[in-house]
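The block underneath contains the structure these notes are about, expressed in structure tokens.
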Amino acid sequence: MVEVTEINELSELQSLQPVWQRLLRETPRYSFFQTLEWLQTSWNHYPLPQKLRVMLIERDGRPLGIVPFCVRAERRKYGLLRILTYPLDDWGTFFGPLGAQPELAFSAAIDHVARTRRDWDLIDLRYVDQAAPEFMAVGESMRRSGLAPMVRPRMEVRMLHLAGSWDEYIATRSRNWREKLRRDVRRLEKFGGEIRLLRYRPAPGAGTRAEHEENYRLCEEIAKKSWQADADSQSTLCSPRVRDLLYQVHLEAAALGMLDSNLLLVGGRPLAFSYNYVAEGRLYFLRSGFDQSAGLDNCGSVLLNMMLEDSFKRGDVEHCFGPGRQPYKDRYATEMRYAYTFRHYARRSLRSQLLNLRECAASRFFSEEAIIEKGLVS
């Protein structure tokens with residue numbers, strides 16, 4: 001018999017750490033964002049009211065899955081809306097249940113949500129990978145529980161599969177692309193000096209706190225001199241809005257062996273960084289930047305090429321470029337897939353139904369393709 005235990009206090013999750021770790025390792029294509037450390041560290045940085053709703057799924061007393069839901073307040077046109085979702089807040093692209101049977105875990109969790117007192121206005125599961133084992137089960141389970149979903153793509157995610165060798169990979173790119181790669185390296189060496197990749201990927205438990213802090217400091221110093229430091233989003237490593245969160249998460253990722261940061265040294269000076277999380281050879285690109293004050297071109301692209309070449313040599317499996325259609329991602333990617341949202345509007349929530357009516361009205365005046373295009377997160 002399948003049983004669901006709901007946990008609402010962050011402090012109560014600590015006792016689940018061994019179970020969480022085991023189920024995480026059993027999860028197909030798990031990521032750093034599904035770790036308990038990510039949830040515990042990021043939780044208090046969310047600026048609006050929120051409630052934890054973590055579902056522990058057991059069969060005959062044996063844990064077989066964890067589904068980390070939460071209810072978060074979000075500002076919408078009609079005021080604050082309570083949204084049942086995953087605790088990711090758009091830092092990553094894909095999220096889902098933990099465990100070897102994500103379909104069963106999700107079905108049990110959403111059935112529990114449907115049977116318990118409603119504390120949400122809108123269900124919005126925004127990070128469902130179209131290639132995930134539970135993709136079809138999400139919609140089927142919601143419909144079976146009386147929570148008929150609206151399903152749409154929300155993010156386009158570019159991926160590079162690191163099969164074969166670097167030389168075999170670049171042979172699939174255009175001749176002009178390969179020539180530019182070599183030209184950028186020659187030009188940077190001519191005007192800047194020797195170039196070198198410094199990659200920091202400590203094994204689980206390896207490295208000292210001082211080493212982890214120094215690595216973050218080097219990346220942050222470059223971020224301060226990049227164009228992202230002045231961008232409206234204020235989301236790079238040095239940005240006051242997110243700096244404390246990213247720094248604390250950095251220490252957790254390093255301790256878990258899930259940090260992958262890369263520095264480009266030009267003439268001995270660190271001039272560009274690429275900052276990633278990694279899980280079993282699957283890299284997730286989080287942030288990057290280069291020192292504009294150095295007056296040297298193509299530091300970022302040279303770093304990316306050197307990093308990917310090194311990843312091929314290391315035997316890494318995949319590099320995820322995150323959401324968006326930036327042209328450079330298309331030049332490197334070997335696959336594009338969607339993160340879908342499964343959305344259900346509560347029938348007895350006025351604000352939720354106003355949003356639903358607005359969406360229904362939009363569907364009368366715009367094509368499905370136009371609505372999807374407008375809603376894509378980049």
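Treat the numbers as computed from the prediction; the structure is a model and nothing was measured. We count residues from 1, following the sequence as given.
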Could you check Arg337 against Glu335 for salt bridge (Lys or Arg N to Asp or Glu O under 4.0 Å), going step by step and ending with a plain yes or no?
CA-CA 7 Å; Arg337 64 176 185 258; Glu335 180 191 6; 3.2 Å; yes

Is there side-chain contact between Ser42 and Leu245, with at least one heavy-atom pair below 4.5 Å?
yes

Any salt bridge linking Arg72 with Asp124? Criterion: basic side-chain nitrogen under 4.0 Å from a carboxylate oxygen.
no

Is there a path of hydrophobic side-chain contacts, each under 4.5 Å between heavy atoms, that joins Trp43 and Trp91?
yes

Arg183 atom CZ, over 12 foreign heavy atoms within 6.0 Å
yes

Please determine if Glu359 and Arg76 form a salt bridge, counting it only when a charged side-chain N lies under 4.0 Å from a carboxylate O.
no

Verdict with reasoning, Trp177 to Tyr332, per ring pair (Phe, Tyr, Trp, His ring centres under 6.0 Å)
CA-CA 10 Å; Trp177 187 91; Tyr332 286 92; 5.5 Å; yes

Steps toward salt bridge (Lys or Arg N to Asp or Glu O under 4.0 Å) verdict (Lys313, Glu309):
CA-CA 6 Å; Lys313 292 176 181 177; Glu309 182 176 6; 3.7 Å; yes

Quick one: do Arg217 and Glu213 make a salt bridge, cutoff under 4.0 Å?
no

Does Arg314 pair with Asp260 as a salt bridge, N-O distance under 4.0 Å?
no

Checking His250 side chain against His212 main chain: does a donor-acceptor pair fall under 3.5 Å?
yes

Any non-hydrogen side-chain atom of Asn276 less than 4.5 Å from a side-chain atom of Met307?
yes

Residues Gln228 and Ser226: side-chain donor-acceptor under 3.5 angstrom
yes

Between the main-chain N or O of Pro149 and the side-chain N or O of His344, is there a donor-acceptor pair closer than 3.5 Å?
no

Do Val67 and Leu122 land in one hydrophobic cluster if side-chain heavy atoms of ILVMFWY residues count as linked below 4.5 Å?
no

Do the non-hydrogen side-chain atoms of Val54 and Glu6 ever get within less than 4.5 Å of each other?
no

Out of curiosity, Leu355 CG to Gln353 CD, how far, rounded to the nearest 0.5 Å?
9.5 Å

Mind telling me whether Phe321 and Phe285 have parallel, tilted or perpendicular rings, with 30° and 60° as the class edges?
tilted

Any side-chain to backbone donor/acceptor pair from Arg241 onto Gln234? Under 3.5 Å, distance only.
yes

Under 3.5 Å, side chain of Thr334 to main-chain N/O of His161, donor-acceptor pair present?
yes

Hey, mind stepping through Leu237 and Tyr216 against side chain to side chain contact (heavy atoms under 4.5 Å, CB included) and telling me if it holds?
CA-CA 8 Å; Leu237 303 190; Tyr216 192 92; 3.7 Å; yes

To the closest 0.5 Å, what do you measure between CD (Glu189) and CD1 (Ile195)?
4.5 Å

If you group Ile, Leu, Val, Met, Phe, Trp and Tyr by side-chain heavy-atom gaps below 4.5 Å, do Met306 and Leu181 land in one group?
no

Can you check whether Arg126 reaches Tyr86 side chain to side chain, under 4.5 Å on heavy atoms?
no

For Arg115, is the CZ atom crowded, meaning more than 12 foreign heavy atoms sit under 6.0 Å from it?
yes

Mind checking whether Tyr284 and Phe33 have parallel, tilted or perpendicular rings, split at 30° and 60°?
perpendicular

Any chance you could measure Leu286, atom CG, to Thr236, atom OG1, to the nearest 0.5 Å?
8.5 Å

Decide whether Tyr30 and Arg25 meet the rule of one side-chain donor and one side-chain acceptor closer than 3.5 Å.
yes

May I ask you to say whether Arg22 pairs ionically with Glu26, meaning some side-chain N is under 4.0 Å from a carboxylate O?
yes

Say you draw a straight line from CD of Glu252 to OH of Tyr277; how long is it, rounded to the nearest 0.5 Å?
10.5 Å

Any idea which heavy atoms bring Leu256 and Pro204 closest together, and the distance?
O-CG, 3.5 Å

Closest heavy-atom pair, Val2 versus Ala108, reported as atoms and distance to 0.1 Å, is CG1-CB, 3.9 Å

With the side chain counted from C-beta on, respond yes when Lys77 and Leu354 share a heavy-atom pair under 4.5 Å apart, and no when they do not.
no

Salt bridge or not between Arg182 and Glu179? Use side-chain N to carboxylate O under 4.0 Å.
yes

Please determine whether a side-chain nitrogen of the Lys or Arg among Arg325 and Asp330 lies less than 4.0 Å from a carboxylate oxygen of the Asp or Glu.
no

Going by atom types only, do Asp121 and Ser349 share a side-chain donor-acceptor pair under 3.5 Å?
yes

Would the distance check show the side chain of Ser367 and the main-chain N or O of Ala370 forming a donor-acceptor pair, the cut-off being under 3.5 Å?
yes

Would you call the rings of Phe135 and Phe342 parallel, tilted or perpendicular, taking 30° and 60° as the class edges?
perpendicular

A side-chain contact here means heavy atoms from C-beta on lying under 4.5 Å apart; do Phe94 and Met155 qualify?
no

Taking atom types as modelled, is there a side-chain donor on Thr116 or Arg53 under 3.5 Å from an acceptor on the other?
yes

Parallel, tilted or perpendicular for Tyr340 and Tyr338, by the 30°/60° rule?
perpendicular

Which heavy-atom pair separates Cys299 from Leu264 by the least distance, and what is that distance?
O-CD2, 3.4 Å

Scan Leu52, Leu125, Thr85 and name whichever one has a side chain to side chain contact (heavy atoms under 4.5 Å, CB included) with Phe69.
Leu125

When you check the side-chain N and O atoms of Glu37 and Gln40, is any donor under 3.5 Å from an acceptor?
no

Looking only at heavy atoms, what is the nearest atom pair of Pro63 and Leu23, with distance?
O-CD2, 4.1 Å

Minimum heavy-atom distance Gln34-Leu98, with the two atoms named:
O-CD2, 3.7 Å

Looking at Arg29 and Glu134, does any basic side-chain N land under 4.0 Å from a carboxylate oxygen?
no

For Ser141 and Ser107 the tightest heavy-atom approach is OG-CB, 3.4 Å

Hey, is Asp119 close enough to Arg82 for a salt bridge, meaning N to O under 4.0 Å?
no

Could you please spell out the steps behind the salt bridge (Lys or Arg N to Asp or Glu O under 4.0 Å) verdict for Glu140 and Arg143?
CA-CA 5 Å; Glu140 292 169 1; Arg143 279 187 285 271; 5.7 Å; no

Distance in Å, Leu81 CG paired with Trp120 CH2, rounded so as to fall on 0.5 Å steps
11.0 Å

Could you tell me whether a side-chain N or O of Ser352 sits under 3.5 Å from a main-chain N or O of Ala346, the two making a donor and an acceptor?
yes

Within a strict 4.5 Å, meaning less than it, do heavy atoms of the Asn305 and Val185 side chains meet?
no

Examine distances only and state if a side-chain atom of Tyr46 and a backbone atom of Ala73 form a donor-acceptor pair shorter than 3.5 Å.
yes

Does any part of the side chain of Leu259, heavy atoms only, come nearer than 4.5 Å to the side chain of Phe32, both counted from C-beta?
no

Would you say the side-chain atoms of Ser311 and Arg199 include a donor-acceptor pair closer than 3.5 Å?
yes

Rounded to the nearest 0.5 Å, what separates atom OG in Ser31 from atom CG in Leu283?
12.0 Å

